[in-house]
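Owing to the predicted nature of the structure, the values given are computational and were not obtained by experimental measurement. In each ligand, atom 1 is the first atom listed, and ligand 1 is the first ligand listed. We number each residue from 1, following the sequence as shown.
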Amino acid sequence: MNIVLFGPPGAGKGTQADIICGRLNIPSISTGAVLREAIKNSTPTGLLAKGYMDKGDLVPDSVVTAIIKERLTKPDCAGGYILDGFPRTLPQAKYLEEMGITIDVVLSLEVSDEEIIERLSQRRLCEDCGAPYSLKYGPPKDTSRCDKCGGRLVARQDDMPEVVASRLKTYHSQTEVLIDYYREIGILKTIKGQKEIKDTTSLVFKALGIT
Ligand code: AP5
């Protein structure tokens with residue numbers, strides 16, 4: 001099954017993608033994570049992307065479509081995959097079609113802007129292994145250290161309040177249009193984001209027909 005996890009920044013796409021891929025044994029592909037890794041390694045793509053990401057803007061379509069094209073040819077994608085954060089513009093959605101890729105379902109996570117601002121102010125990531133935490137909804141034992149590897153926990157650069165505001169603006173002006181696009185195609189399923197991660201997961205599993 002090829003799944004798109006769609007939603008505003010901080011809606012819980014990455015959180016749910018990790019849970020679904022564990023359950024269905026398919027890879028989760030996050031364009032945001034690939035770009036952050038490229039930044040960490042100071043690759044040409046990373047250096048280009050940083051300027052956009054730090055401001056809360058979208059990275060150019062040509063850059064992210066190249067990432068997707070390369071990743072989807074890997075053998076582990078043969079049995080299906082989850083796209084987390086791609087597509088985010090109409091040209092990106094059309095690019096998937098041009099590649100002959102069939103998306104089976106688009107799960108759209110709905111969370112209010114107010115809730116997102118709260119969630120992202122509480123998010124921390126492990127500097128070493130990338131494990132995500134929420135200081136409020138899934139806190140680590142020690143608020144400064146990763147439970148899994150002991151690495152330092154840091155806030156994401158683009159989780160600063162002014163960048164979150166810009167990311168939300170970008171979502172509403174450039175990405176939200178895809179909701180109507182996929183609704184018209186008939187593959188959109190909307191999921192109301194719940195206060196508890198496990199309650200959102202129950203709705204996601206129900207939408208995917210997983211018991
Ligand atoms: P990306 O990394 O994809 O960021 P995003 O879409 O803004 O999404 P986030 O990763 O911030 O949030 P999420 O929805 O995954 O939520 P999470 O599960 O972490 O992209 C970053 C940047 O890269 C973009 O701004 C853009 O510049 C660029 N980019 C990426 N893809 C691109 C593309 N296709 N085109 C162009 N540019 C692109 O959850 C958030 C927090 O909430 C966590 O702390 C979590 O623990 C908590 N949480 C999750 N679920 C719940 C719940 N139910 N209740 C309470 N807390 C919860």
Next on the checklist: Please list, in number order, the atoms of ligand 1 under 4.0 Å from a heavy atom of Thr200.
Outcome noted: 53 (N)

Next on the checklist: Show the nearest heavy-atom pair for residues Val111 and Pro8, with the distance to one decimal.
Outcome noted: O-CG, 4.1 Å

Checklist entry - Between Gln194 and Leu203, what is the shortest heavy-atom contact and its length? => result NE2-CD1, 3.5 Å

Next on the checklist: For the 3.5 Å polar cut-off, considering only N or O atoms, please tell me whether Gly12 and ligand 1 meet it.
Outcome noted: yes

Item to check | atom 4 (O) of ligand 1: the protein heavy-atom neighbour that sits closest, reported with distance to 0.1 Å | outcome: Arg156 NH2, 3.2 Å

Checklist outcome for this item: The closest protein heavy-atom partner of atom 39 (O) of ligand 1 is Thr15 OG1, 3.7 Å

Checklist entry - Taking atom 42 (O) of ligand 1 as the point of reference, which of Lys13, Arg119, Arg167, Gln157 owns the nearest heavy atom? => result Arg119

Checklist entry - Judged by non-hydrogen atoms, does Tyr52 sit under 4.0 Å from ligand 1? => result no

Checklist entry - By number and element, which atoms of ligand 1 are closer than 4.0 Å to a non-hydrogen atom of Pro9? => result 5 (P), 7 (O), 8 (O)

Next on the checklist: I want to check something: taking the side chain as every heavy atom from C-beta on, are Arg36 and Met53 in contact at a cut-off of under 4.5 Å?
Outcome noted: yes

Item to check | Residue pair Gln16 / Ile197: nearest heavy atoms and the distance that separates them | outcome: NE2-O, 3.4 Å

Checklist entry - Near Ser134, which atoms of ligand 1 are under 4.0 Å from a heavy atom of that residue? => result 44 (O), 46 (O)

Checklist entry - Does Ala33 reach ligand 1 with a nitrogen or oxygen that is under 3.5 Å from one of the ligand's nitrogen or oxygen atoms? => result no

Next on the checklist: Closer than 4.0 Å to some heavy atom of Arg123 - which atoms of ligand 1 meet that?
Outcome noted: 9 (P), 10 (O), 11 (O), 12 (O), 17 (P), 19 (O), 40 (C), 43 (C), 44 (O)

Checklist entry - Do Leu47 and Val63 share a hydrophobic cluster (ILVMFWY, side-chain heavy atoms under 4.5 Å, transitive)? => result no

Next on the checklist: Can you report which non-hydrogen protein atom sits closest to atom 56 (N) of ligand 1, along with the distance?
Outcome noted: Tyr137 CD1, 3.2 Å

Next on the checklist: Between Arg156 and Asp158, does any NZ, NE, NH1 or NH2 come within less than 4.0 Å of an OD or OE carboxylate oxygen?
Outcome noted: yes

Checklist entry - Who gets closest to atom 20 (O) of ligand 1 by heavy atom: Arg88, Met53, Gln194, Lys198? => result Arg88

Item to check | Partner of Asp61 under side-chain hydrogen bond (donor to acceptor under 3.5 Å, both in side chains), chosen from Arg88, Lys94, Gln92 | outcome: Gln92

Next on the checklist: Let's go through Arg167 and Asp159 carefully: what are the C-alpha distance in whole Å and the side-chain angles of both, what is the deciding distance for salt bridge (charged side-chain N to carboxylate O under 4.0 Å, His left out) to 0.1 Å, and is it a yes or a no?
Outcome noted: CA-CA 9 Å; Arg167 287 161 68 198; Asp159 281 348; 2.9 Å; yes

Next on the checklist: Measuring from atom 50 (N) of ligand 1, which candidate in Thr31, Asp54, Ile197 has the nearest non-hydrogen atom?
Outcome noted: Ile197

Next on the checklist: Any heavy atom of Pro132 closer to ligand 1 than 4.0 angstrom?
Outcome noted: no

Checklist entry - Given that the side chain starts at C-beta and the backbone is N, CA, C, O, which of these parts of Asp57 lies under 4.0 Å from ligand 1, counting heavy atoms, or is it both or neither? => result backbone

Next on the checklist: For ligand 1 and Gly10, I'd like to know whether there is a polar contact (N/O to N/O, distance under 3.5 Å).
Outcome noted: yes

Checklist entry - Taking a hydrophobic cluster as the set of Ile, Leu, Val, Met, Phe, Trp and Tyr residues connected by side-chain heavy atoms closer than 4.5 Å, whether directly or through intermediates, do Ile179 and Tyr182 fall within one such cluster? => result yes

Checklist entry - Is it true that Ile26 and Met99 fall in one hydrophobic cluster, defined by side-chain heavy atoms closer than 4.5 Å? => result no

Next on the checklist: Suppose I only count heavy atoms of Gln92 and a 4.0 Å limit; which atoms of ligand 1 are within that range?
Outcome noted: 33 (C), 34 (N), 35 (N), 36 (C)

Next on the checklist: Using a 4.0 Å cut-off to any heavy atom of Gly14, which atoms of ligand 1 qualify?
Outcome noted: 13 (P), 15 (O), 18 (O)

Checklist outcome for this item: So for Tyr133 against ligand 1, with non-hydrogen atoms under 4.0 Å, the contacting part is backbone

Checklist entry - What atoms of ligand 1 come closer than 4.0 angstrom to any heavy atom of Lys195? => result 52 (C), 54 (N), 55 (C)

Checklist entry - Heavy-atom distance under 4.5 Å between the side chains of Ile67 and Leu35, does that happen here? => result yes

Next on the checklist: Suppose I only count heavy atoms of Glu196 and a 4.0 Å limit; which atoms of ligand 1 are within that range?
Outcome noted: 53 (N)

Checklist entry - When only distance counts, is Pro87 in polar contact with ligand 1, meaning an N/O pair under 3.5 Å? => result no

Item to check | Over all atoms of both residues, closest heavy-atom pair of Asp142 and Asp147 | outcome: N-OD1, 4.3 Å

Checklist entry - Relative to ligand 1, is Arg36 under 4.0 angstrom through side chain, backbone, both or neither, heavy atoms considered? => result side chain

Checklist outcome for this item: Tested for side chain to side chain contact (heavy atoms under 4.5 Å, CB included) against Val204, the lone hit among Leu109, Ile19, Ile3 is Leu109

Checklist entry - Would you call Asp104 and Ile187 a side-chain contact if the rule is heavy atoms closer than 4.5 Å? => result no

Checklist entry - Which bit of Gln122 is near ligand 1, meaning a heavy atom under 4.0 Å away: side chain, backbone, both or neither? => result neither

Next on the checklist: I need the nearest protein heavy-atom contact for atom 29 (N) of ligand 1: residue, atom name and distance, please.
Outcome noted: Leu35 CD1, 3.7 Å

Checklist outcome for this item: Any heavy atom of Val59 under 4.0 Å from ligand 1? The part involved is both

Checklist entry - Does a sphere of radius 6.0 Å around CD in Glu162 hold more than 12 heavy atoms from other residues, nucleotides or ligands, not counting ones at 6.0 Å or beyond? => result yes

